[in-house]
Amino acid sequence: MSALLFRDLRLAFRAGGGFGLGLAFFLLVAVLVPLGVGPEPTTLAKIAPGILWVGALLACLLSLDRIFALDFEDGSLDLLATSPLPMEGAVAVKALAHWLVTGLPLTLLAPVLGLLLNLPAESYLWLILSLLAGTPALSMIGAFGAALTVGIKRGGLLLSLLVLPLYVPTLIFGAEVIKRGASGADAVTPLALLVAITAVSGALLPFAAAAAIRVNLR
Amino acid sequence: MSALLFRDLRLAFRAGGGFGLGLAFFLLVAVLVPLGVGPEPTTLAKIAPGILWVGALLACLLSLDRIFALDFEDGSLDLLATSPLPMEGAVAVKALAHWLVTGLPLTLLAPVLGLLLNLPAESYLWLILSLLAGTPALSMIGAFGAALTVGIKRGGLLLSLLVLPLYVPTLIFGAEVIKRGASGADAVTPLALLVAITAVSGALLPFAAAAAIRVNLR
Amino acid sequence: MSLWEYANPKKFMALSGRLLPWIVALTVLSLGIGIIWGFFFTPDDYKQGSTVKIIYIHVPAASAAINAWAVMLVASLIWIVRRHHVSALVAKAAAPVGLTFTLIALITGALWGQPMWGTWWAWDPRLTSFLIFALFYMGYIALWEAVENPDTAADLTGVLCIVGSVFALLSRYAVNFWNQGLHQGASLSLDAKENVSDVFWLPLVVCIIGFELLFLALVLIRTRSEIRLRRAQALAARERLA
Amino acid sequence: MMPDLGKYAFAVLASYGATFALLAALVGVTVWHRAKSIRALAESEARMEKSDG
Amino acid sequence: MELLVKDLAVQRGGLTVLEGVSFSLAAGQALVLRGANGIGKTTLLRTIAGLQPKAAGELNVPPETLAYASHADGLKATLSVQENLRFWASVYGTDLVEDALQAMNLTALRNRWAGSLSAGQKRRLGLARLMVSGRAIWLLDEPTVSLDAASVALFAGVVQGHLAQGGAALMATHIDLGLAQAETLDLTPYRATAATIRRTDAFQEAFL
Amino acid sequence: MELLVKDLAVQRGGLTVLEGVSFSLAAGQALVLRGANGIGKTTLLRTIAGLQPKAAGELNVPPETLAYASHADGLKATLSVQENLRFWASVYGTDLVEDALQAMNLTALRNRWAGSLSAGQKRRLGLARLMVSGRAIWLLDEPTVSLDAASVALFAGVVQGHLAQGGAALMATHIDLGLAQAETLDLTPYRATAATIRRTDAFQEAFL
Ligand code: HEM
Ligand SMILES: Nc1ncnc2c1ncn2[C@@H]1O[C@H](COP(=O)(O)OP(=O)(O)OP(=O)(O)O)[C@@H](O)[C@H]1O
Ligand SMILES: Nc1ncnc2c1ncn2[C@@H]1O[C@H](COP(=O)(O)OP(=O)(O)OP(=O)(O)O)[C@@H](O)[C@H]1O
Ligand SMILES: [Mg+2]
Ligand SMILES: [Mg+2]
């Protein structure tokens, strides 16, 4: 199990492994939005929490197809399925590796981008907390979507279509935490809900995803 | 040449070809942003032109890796390179096919999404015009980026990183057309610039892209 | 003989073939009566004016869309648990019908919103969750289209339908949390209660029944087509072996 | 015969129009799909007959 | 330890392709599957490996004994030869990396990235992965594709050694490996016919 | 029409792998390249096909005469067998789809999606593509991988026919095709040595 985790991390950090590109994408969204929307600080401050969450979500989304598709294409997934590792565990480990490579760095980068978008000072703590609580759910839900589409060549966009509706609750609660936190309202309720989503998807989705992979390998 | 165009279009419309998914992604961005940013109509109206352009740009971006990578992976690109078709022509045709499959439908869908984002009534004409003038440039620039990254497995995010900076002028002029058009200011200048970008990239980038592909096949 | 016998394609074809003419006739009848009654023979609401006539398509379409998803969920569960091929095909057949109803509810709602709220679209929770619902439908249909092998597609879409249902409910809750909206409450409280009871209510009920019957008829026809195509495929496969 | 829809005529008529258009499209696709399936099945059954001799 | 297959039917794309396949494979035995392109060798091997459900018949696989090598080698281009093998060794909980490198003549290439190997070198690495699994029954799908004569001989030697140590091997191949003790099973007689679909395929039956 | 190679050196990954290769190939001739895995057969063929620059030597290819078939077949999984071939026919401006289908025994599969073919059937389609090109000189990289004995014979027949019509073929393969008129070129003597790298590789030289 840990061998799989280390392999996935090592692959991510090797050339072409895509580490850092999720971050770059996040950065680009944060830069492009002011370019498109215009530079007024008050508008930007107002939309900053939402844009940061949407950006994090898209950055996560775009690296999802790497979770299983690479292993499927080169035959590793067949071999993993016939190996002694239980598929559920493999799915969970791969989602974890995905989070370590995208979600966690995104969380750490987000405050810097908050500066670019004029995020008010009170919000930073909540920004970090909400991303920390919510991004693992993004990785796990995404792994489920990736498992569904693993047999489909370049199913990247289909994957987005399947996964984004599933991301809606996470996104809403996540952005809500920041907004409420900044205005001094009750931010703990949405944060707790975010944690609950993460916990439940981490506990149940590996089974659904493993089933989907087995079907796809058939 | 037309054989290549028809093949690419046919592949796009076949199962798993990804037609319509760019559209779906565009729709998703238009839905997610209000979910993140909040529902106030005035804020939304203000950021609508920018968000629509950013969304169109991202939808375009995500389907870029299909332009050459599929052909590279299954060996068709080697075969095309040794065929009598000039690589420059093949690149231009493939960019055209990409535009027909993503840019054009995006342009047609955009007004509906304008409704969702409370875009003011005077802006719709300019929205369509700007997308019509700008999206071909997105496809052509994107094809150039795809040519640069064709040798890299799942280089989707690297591709985004390379291409997005190149998209910046198109994005700025595109959003500017809509904003100026809505406020009655001079929208023709940015529109003309947009057309110029499209024309110049259509004329020159096929050569750069073809050179990049030849290097990558080496 | 158990109910599951009807999951056999042949039995299903025979039975549905016999029922279908009646269902179609009933659909045409109830939908015709309901719509004509609603459109031509109901008074205007004193506050909403003639726009109240939109209710005769808006509400039936919305509730039929929700029911269609419920049918898909049940059919998916049956497929996954008992692997009856017809139920997978029912789920497949129901999706486009449900999506169309969802779009009808969205479009009529938007057209209604313009005169009532002064805007085509507002990010009201009901509206928003319905839009997300439409996205669920699209993803589900796209997955059916994208997977070549019919059994694989049935399995994958089944799993998606179940997981998606949970998240759809969650979204509904999340969206409420996010915004308090403009949309009508759960009761038919147009204005005065006595109005609702008969003048508006009766034709609405007929329309609701009509839309549900339409759903049933279309799903049966589509399921029958899918079964025929599968049979043709099976024959072609046998031919290939011979 | 036609009820007076007043200033809301557009909203009401457009709603009914859009609904009928969408339903007509759905019914059309369904009927076409049905015809296609019947044709496909008839074809393969005819071929079966022939090969069965 | 014996792999037992009795009256097995296998499906591909919803269609039964082979049926009535029976054989057994005991320790020290090797069996070569033969048959024209498309007869269903790959499908049969995948079914035995547990990647797809069987359509009918009996399939008796002793638990934790199988190692499967498919058409594709499952190599990571950006890991070195050694790292690729180490990963599989720890998945299977064995310690055979060095032996495998030696046996497949890969020691000189151990620090090269797998992506920079030639077609045949990749294939050798794929076979080394199999050795590293430490499993007794090897399922091999066209193991010698892209191998030169010397490498084929090397591979035959490795299989021979595996059999001598009480292992077993089931392989699909079109060429002659020169394995003395290998028996051959021609799959041509087991090709599914129209008449047999009915018996094996619940779905087709329901619709026919 | 003659393909002329003189003192050719080829590079892979920045390193010279073969050097001093000379041969010529005239109408009606076939030449089989041999050599151990990794010696550089693929690299040589890609260089001749014009996909990568040569490191040194002379390479004389008559214009518009080459057709190259690589390890990968360049098939589109979601196009039918027929559509795949038609595309290449119109790229090369020929009208040979029916002949190719016939020759490679693919007429029965013409309407199947290429993605649903077995490994060997795909390979046959890949070779049919070559026929459709209508070109005189065929460059073939391990053309018989995955083919069963019958298909190998079929393929040999096709090559023979091509030669008889004044074509030529250059192929890399590890197995014997049974082509009577084929000559063989063993590449082992041309393996680049440390001493020769200096001469051929301007970049490396600059750093040595
Ligand atoms: C795009 C906009 C709209 C959408 C997506 C939408 C959606 C829905 C949905 C999902 C229902 C629930 C049906 C059920 O549970 O059976 C509903 C009911 C209803 N809608 Fe809308 N609606 C929209 C706009 C409007 C507008 C503008 C009005 C009127 C001002 C309106 C009036 C009603 C009424 C009166 C009901 C019945 C309430 C009940 O008893 O549940 N809707 N709508
Ligand atoms: N996705 C699919 N849909 C329908 N039929 C398929 C599909 N994949 C393979 N087949 C068919 O199933 C049959 C068995 O294929 P399989 O790959 O098992 O053959 P094989 O014996 O391994 O052939 P080869 O020697 O060419 O590798 C073939 O006739 C093939 O055309
Ligand atoms: N990207 C690369 N970087 C460095 N070396 C490489 C790269 N690709 C291939 N090589 C090396 O170049 C040499 C020639 O490879 P090539 O693929 O031409 O061999 P081949 O003769 O076709 O072998 P095979 O019979 O196994 O297909 C090999 O030693 C290989 O390891
Ligand atoms: Mg095979
Ligand atoms: Mg080679």
Side-chain angles (χ1 to χ4, degrees), chain B residues 1-21 63 65-94 96-98 101 147 150-153 210-218, chain F residues 10-14 42-43 45-55 61 63-80 82-94 97 113-116 122-123 125-127 129-130 132-135 137-139 141:
Chain B
M1 221 57 142
S2 66
L4 185 58
L5 180 65
F6 288 125
R7 183 192 73 148
D8 271 23
L9 292 179
R10 186 176 280 157
L11 283 172
F13 289 105
R14 286 281 157 90
F19 175 76
L21 291 168
S63 47
D65 62 344
R66 306 181 71 100
I67 300 185
F68 299 116
L70 287 175
D71 280 348
F72 178 75
E73 281 165 15
D74 67 15
S76 307
L77 207 56
D78 277 355
L79 302 180
L80 273 177
T82 56
S83 83
L85 287 186
M87 189 50 90
E88 288 75 13
V91 169
V93 164
K94 281 180 148 289
L96 174 63
H98 179 260
V101 172
V150 73
I152 299 158
K153 279 225 159 186
I213 288 185
R214 278 197 215 95
V215 169
N216 269 320
L217 289 183
R218 231 155 44 194
Chain F
V10 298
Q11 287 188 332
R12 177 83 228 177
T42 300
T43 313
L45 285 174
R46 289 178 67 87
T47 308
I48 295 174
L51 287 168
Q52 46 184 78
K54 61 185 200 291
V61 182
E64 306 265 299
T65 53
L66 281 188
Y68 169 66
S70 68
H71 278 282
D73 288 319
L75 303 176
K76 290 295 166 189
T78 53
L79 295 183
S80 71
Q82 192 165 242
E83 285 169 333
N84 266 297
L85 286 182
R86 285 225 182 109
F87 166 66
W88 289 109
S90 56
V91 164
Y92 281 92
T94 68
V97 174
W113 282 17
S116 77
K122 275 187 193 144
R123 196 69 201 166
L125 177 53
L127 295 173
R129 185 198 67 82
L130 205 68
V132 146
S133 73
R135 289 294 175 87
I137 304 181
W138 290 357
L139 301 181
D141 200 353

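Residue numbering restarts at 1 for every chain, and letters A, B, ... go by the order of the sequence lines.
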Distance-minimising heavy-atom pair for F:W88 and B:L80 = CH2-N, 3.8 Å
query = For F:R86, is it the side chain, the backbone, both or neither that has a heavy atom under 4.5 Å from a heavy atom of chain B?
reply = neither
remark   = When rounded to the nearest 0.5 Å, the distance separating CZ of F:R135 from OG of B:S83 is 8.0 Å
ask   = Where do B:D78 and F:L51 land on the side chain to side chain contact (heavy atoms under 4.5 Å, CB included) test, with the steps shown first?
value = CA-CA 7 Å; B:D78 277 355; F:L51 287 168; 4.1 Å; yes
request  = Provide the closest heavy-atom pair for B:T82 versus F:Y68 in the form atom of the first, atom of the second, distance.
outcome  = OG1-CB, 4.2 Å
request  = Among F:P53, F:A67, F:S70, single out the residue with the greatest number of heavy-atom pairs under 4.5 Å to chain B.
outcome  = F:P53
inquiry  = Rounded to the nearest 0.5 Å, what separates atom CG in B:L11 from atom CZ in F:F87?
reply    = 9.0 Å
Residues 1-9 of chain B, side-chain donor-acceptor partners within the protein, below 3.5 Å, at least two apart:
unit_1 : atom_1 : unit_2 : atom_2 : d
B:R7   : NH2    : B:D71  : OD1    : 3.4
B:R7   : NH2    : B:D71  : OD2    : 3.0
B:D8   : OD2    : B:K94  : NZ     : 2.9

inquiry  = Set out, in order, the CA-CA distance, both residues' side-chain angles and the distance that settles side chain to side chain contact (heavy atoms under 4.5 Å, CB included) for F:T78 and B:R10, then state yes or no.
reply    = CA-CA 9 Å; F:T78 53; B:R10 186 176 280 157; over 6 Å; no
task = Check whether F:L75 gets within reach of chain B through its side chain, its backbone, both or neither, counting any heavy atom under 4.5 Å.
result = backbone
task = Kindly compute the distance separating NZ (F:K76) from CG (B:L70), expressed to the nearest 0.5 Å.
result = 5.5 Å
